[in-house]
Amino acid sequence: MATGNLDFDLKRVRNIGIIAHIDAGKTTVTERVLYYTGMVHKIGETHEGSATTDYMEQERERGITITSAAVTASWDDCQINIIDTPGHVDFTAEVQRSLRVLDGGITVFDSVAGVEPQSETVWRQASEYNVPRMCFVNKMDRTGADFDRCVNMMVDRLKANPVVIQVPYGSGEDFEGIIDLLKMELITYGNDEGTDINYHAIPESHREMAETRREDMIEKIVEHDEYLTMKFLDEEEITQDEILAGLRAGTITGQLHPVMCGAALKNKGVQALLNMVVALLPSPLDIPPVKGEHPKDGSDLLRHADDEEPLAALVFKIVSDQYGRLAFTRVYSGVLKAGAMVVNTANGQRERIGRIVRMFADRREDVKEVRAGDIAAVIGMKETFTGDTLSAPNSPILLENISFPDPVVEVAIEPNTKADQDKMGIGLRKLAEEDPTFQIEVDDQLGQTKIKGMGELHLEVLVDRLMREYGVEARVGRPRVAYRETITRMVEIDTTFRRQTGGAGQYARCTVRFEPIPNEEKSEAAGELLFVDGIRGGAIPKEYIPAVRKGITQAMQGGVIAGYPVVNIKATLIDGAYHEVDSSEIAFTIAGSMGLKEGIQKGAPVILEPSMSVEVVVPDDYTGAVVGDISSRRGIVQGMEPHSEGISVIQAQVPLGEMFGYANDLRNNTQGRGNFSMEFDTYTVAPEGIAEAVKSGSR
C-alpha cells in the first residue's frame, strides 16, 4: 500500500476496512471494488472459491474470510488501501488489529438479516477505536430484503445515527436500482456486469417519497453544523456542496453514519459506494494526530501525518509464508525507507528495514519507501511482533499496543514422530507470531502440548494449517473449555516471608484484603486484578509495593482448585513490614504470591465457565425443538423475535462447554435450515457437578 510516487498526495489516500457479520457480503463487496477499480479483470466469487482476498486454502474451502487481506486500489485519483476483515467471531482479533490502524470503515449489512450479533461486535470495536464509518445495506435483491428495518435496527442495536443518502428502487426480485437522495436521481444498470450505468429523473411514483427522505437527510446533517442550522432555520437554500461538506464533517467526527444500498453479487451500487468513500471518509490528514509516550520517562507525545516529523509506525499484523516473514505496518509520521535502521521501542531492539512491499492480497511489488499515512508490509524483521512500535532511533515513541481477548477453548495436540515434534514446534511458534489470540502451553508433567484459541473453528483452521503448511502429522484431542477460578467472599491474609541463609536474609511481610471485584469497579480491572495501594505511614516502602502486585499477578496464573487462571480479584494492600537490610523486591514478590494462594483457599473459591451469547435463526416450524435443545444445554432463552416471514431469531445465553458440536445438532433439528452465531459474553459460576468434573479432569 505504499506508493513510492513523488507526487504522493496524502489528501487523496483512504485507509479503509470492510467489516460485518459473517455472510453479509464483505468479500463480495471487496471483489467488486477491485474489479471496478481495474485491479482485477475477472470478478472472483466467494462461493466459487476464487475470491482474490480469500487466498488461503482454508478460506476457499469454507467460503469464509479467516485472515485480514490487504489490497490497494485507485478510484477518482484516490489511493484506497482496503482491508477485508473476517466476520466469524472466532477471528475477531483480525478485525480488532485492522481497526486499530484504519482511518475509516464500511460496515456491510445483510438486508434480510439486518443487524446481526457480529455486526454489533465489530461496530463496538470500531467505536472503541473512534473509526468513522459508513453503512452499506447489501443483498437488496434477495427475497425478504427490508431496507428500512435494517436502518431501524442500526438505531436500536448499535445506537448509531444513520443518515440515509440512498434508498432502493424496488427490493427482492423487483430491485432495479438506487435512488440517490444527494443528487436526486435514479441509478439503474443496463447490463449484468454493472458497467453500463444509467442516470434518470426519479419517477413520479417515487418522487414524493424521495423528497420527504431528502428533507429528513438534510435535517440530520444540519443538526451537527451551527452555520447550516442557522441557514435551515432561516429557510435559506442550502447548496449541494454545503450538504456534502456537512455530511463529511459529521461522518469524520463519528456523529453521522451515511447509509447506502445495493446488491454486490448482482454488481449494483458499488461504484456509487466508491464515490462516497472518496467524498465522505477521512484521509490521514483528517484524523487527530496519533498519541504515544516516551519509552523511558512516559511523557506524552504526538505525531502528525507529516513526512517531516520523526518516524512513528505500528506493526499490526505478522504473516509467515513461503517468501519470508511479513510485518504489516501503518506509518503514522515520517518516512519508512528500505535499508534504514529503526528502533523497536516495545523491546528496545534495533532492526534494519529489509524490503518494503506493497500488498495486493497474496501478490506484492517492491517499493523504496512508505510515507506518513500509508500502509505497507516489511520483510526481514526478526524481533518485531504484533503491536510493536517502530520509530526513529534519535526520537523514540511508544504507541498504544493492541489488546486482544483471552482464548476460551483449548485442545491437546501430540505429534506422531520425533520429526513431527520438531516441525510442530516451528509451525506452532510461527502461527502464534501471526495470531495473538493463539496460545501454546506445554505441560512438562504430562509431556503434552495444549493449544488455545477463540473457538472450535479457530483451532480447527490452525491445526489444518499446521498439517498442510508445515507438514506435521499429529493427533488432536477433543476441544476443552478454558475455565477460570475466583473467590466469592472477602478474606484478609497476613503473610510473612522469611529466609535466613549464610549472608543477608530475605524478609517481607504484607497484609492484603482479597475480595471479588465489585460490579461498579470491573471496568477498571478488565475483569482480572484490581490492585489498591492502601499503605499508610510507610509500613512498606513505595519501591516494594509494585513487587507485591507482581507476586499476586504471577500467582493468579494458576488457581488452587484445578490450576486454571484466577480472575475478578480485588487486592487491597493494607499493612506490612520490612527490614532495612534483608528486605528486597524479590522477598515482597514472593510474599504477594504466597498471600494470593492462601487468599484463594480461604476465600470460598469457585470454578467459572465462559458463557456465550447465542443467536439462532430458525424457521418457525422448528422453534420448539431448538428451544428445547438450548434448555438441555443449560441455556437460558432470553428472547425471540420475528426475523422475516416464517423465520424467527432466538437469543440465548449458553455455557461454551455445552456448545461443542452444536452446528450438527442444529442441522438435524431443522433439516439443515437453521443457522447460528455466538460470541463470548461473560464468565459465570459453574454448577457443582460441572466444577467436580473439571477438578477430576473429565471436562
Side-chain angles (χ1 to χ4, degrees), residues 401 403-408 410 437 439 441 452 481-497 508-536 539-540 542 544-577 585-611 655-657 680-688 690-692 694-695 699:
N401 206 323
S403 57
F404 297 104
D406 289 332
V408 292
E410 63 182 45
T437 60
Q439 294 178 6
E441 184 182 292
K452 301 179 179 183
V481 175
Y483 294 98
R484 296 287 184 267
E485 298 181 22
T486 193
I487 58 174
T488 55
R489 69 172 179 226
M490 187 177 74
V491 287
E492 211 167 276
I493 304 296
D494 191 338
T495 307
T496 302
F497 172 67
R509 179 179 152 247
C510 56
T511 305
V512 184
R513 184 191 307 122
F514 295 103
E515 60 188 306
I517 300 178
N519 286 331
E520 64 273 12
E521 296 181 71
K522 279 186 179 173
S523 58
E524 294 176 48
E528 294 182 4
L529 173 68
L530 180 61
F531 182 82
V532 179
D533 173 12
I535 291 294
R536 298 288 177 270
I540 298 176
K542 278 198 175 345
Y544 294 145
I545 289 170
V548 178
R549 178 179 187 152
K550 181 181 175 185
I552 293 170
T553 304
Q554 288 176 349
M556 287 175 70
Q557 300 309 306
V560 299
I561 305 176
Y564 285 103
V566 179
V567 295
N568 196 29
I569 296 279
K570 180 178 181 179
T572 306
L573 181 60
I574 52 178
D575 198 7
E585 284 188 20
I586 292 173
F588 276 96
T589 300
I590 294 170
S593 177
M594 290 167 57
L596 186 274
K597 286 178 179 168
E598 187 182 346
I600 298 171
Q601 286 171 332
K602 294 182 175 176
V606 291
I607 296 277
L608 298 175
E609 60 180 351
S611 185
L656 174 61
F680 172 73
D681 184 56
T682 186
Y683 274 97
T684 56
V685 177
E688 199 171 319
I690 301 296
E692 288 302 320
V694 171
K695 286 183 207 173
R699 276 186 80 95

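Closest of all the heavy-atom pairs between A591 and C510 is CB-SG, 3.8 Å. In plain terms, the two heavy atoms of G599 and I493 that are nearest each other are CA-CG1, 3.7 Å. The shortest non-hydrogen separation linking V560 to P605 is CG2-CG, 4.4 Å. The shortest non-hydrogen separation linking I552 to A571 is CD1-CB, 4.0 Å. Residues T488 and A604 approach most closely at OG1-O, 2.8 Å, considering heavy atoms. When all heavy atoms of I540 and A577 are compared, the closest pair comes out as CG1-N, 4.1 Å.
Listed by chain and number, the residues in a ring pair (Phe, Tyr, Trp, His ring centres under 6.0 Å) with Y483 are Y564 (sequence neighbours excluded). Not counting sequence neighbours, the partners of E692 by the side-chain hydrogen bond (donor to acceptor under 3.5 Å, both in side chains) test are K695. Under the side chain to side chain contact (heavy atoms under 4.5 Å, CB included) criterion, S593 pairs with A555, K597, sequence neighbours left out. Partners of K550 according to the side-chain hydrogen bond (donor to acceptor under 3.5 Å, both in side chains) rule, which considers only residues two or more places apart in sequence or in another chain, do not exist here. With sequence neighbours excluded, the residues forming a ring pair (Phe, Tyr, Trp, His ring centres under 6.0 Å) with Y683 are F680, listed by chain and number. Residues that satisfy the side chain to side chain contact (heavy atoms under 4.5 Å, CB included) test with T682, not counting sequence neighbours, are S611, Q653, T684. Partners of E585 according to the salt bridge (Lys or Arg N to Asp or Glu O under 4.0 Å) rule, which considers only residues two or more places apart in sequence or in another chain, do not exist here. Taking E598 as the reference, K602 meet the side-chain hydrogen bond (donor to acceptor under 3.5 Å, both in side chains) condition, with sequence neighbours excluded. Applying the ring pair (Phe, Tyr, Trp, His ring centres under 6.0 Å) test to F497 and every residue at least two apart in sequence or in another chain returns nothing. With sequence neighbours left out, the salt bridge (Lys or Arg N to Asp or Glu O under 4.0 Å) criterion links E485 to no other residue. Every residue two or more places apart in sequence or in another chain was checked for a salt bridge (Lys or Arg N to Asp or Glu O under 4.0 Å) with R549, and none qualifies. Residues forming a side-chain hydrogen bond (donor to acceptor under 3.5 Å, both in side chains) with R513 (at least two apart in sequence, or on another chain): none.
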**Message:** Could you walk me through whether F531 and T553 satisfy the side chain to side chain contact (heavy atoms under 4.5 Å, CB included) test, starting with their C-alpha distance in whole Å, then the side-chain angles of each, then the deciding distance to 0.1 Å, before giving a yes or no?
**Reply:** CA-CA 10 Å; F531 182 82; T553 304; over 6 Å; no

**Message:** L608 vs V685, test: side chain to side chain contact (heavy atoms under 4.5 Å, CB included). Steps then yes/no.
**Reply:** CA-CA 4 Å; L608 298 175; V685 177; 3.8 Å; yes

**Worked verdict on I574 versus E492 for side chain to side chain contact (heavy atoms under 4.5 Å, CB included)** = CA-CA 9 Å; I574 52 178; E492 211 167 276; 3.4 Å; yes

**Message:** Working note: D575 + R509, criterion side chain to side chain contact (heavy atoms under 4.5 Å, CB included); need CA distance, chi angles, decisive distance, verdict.
**Reply:** CA-CA 8 Å; D575 198 7; R509 179 179 152 247; 3.9 Å; yes

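Atom CG in L596 sits 4.5 Å away from atom CD1 in I600 (nearest 0.5 Å). In this structure, CD on Q601 lies 10.0 Å from CD1 on I561, to the nearest 0.5 angstrom. The distance from the CG atom of L530 to the CD1 atom of I517 is 5.5 Å, given to the nearest 0.5 Å. The distance from the CD1 atom of I487 to the CD1 atom of I569 is 4.0 Å, given to the nearest 0.5 Å. Taken from CG in L573 to OG1 in T511, the straight-line distance is 8.0 Å, to the nearest 0.5 Å. Taking NZ of K542 as the reference point, atom CD1 of I535 lies at 9.5 Å (rounded to 0.5 Å).
At distances below 3.5 Å, at least one donor-acceptor pair connects side-chain atoms of T486 with backbone N or O atoms of V567.
Using a 4.5 Å heavy-atom cutoff, the side chains of P687 and E609 are in contact.
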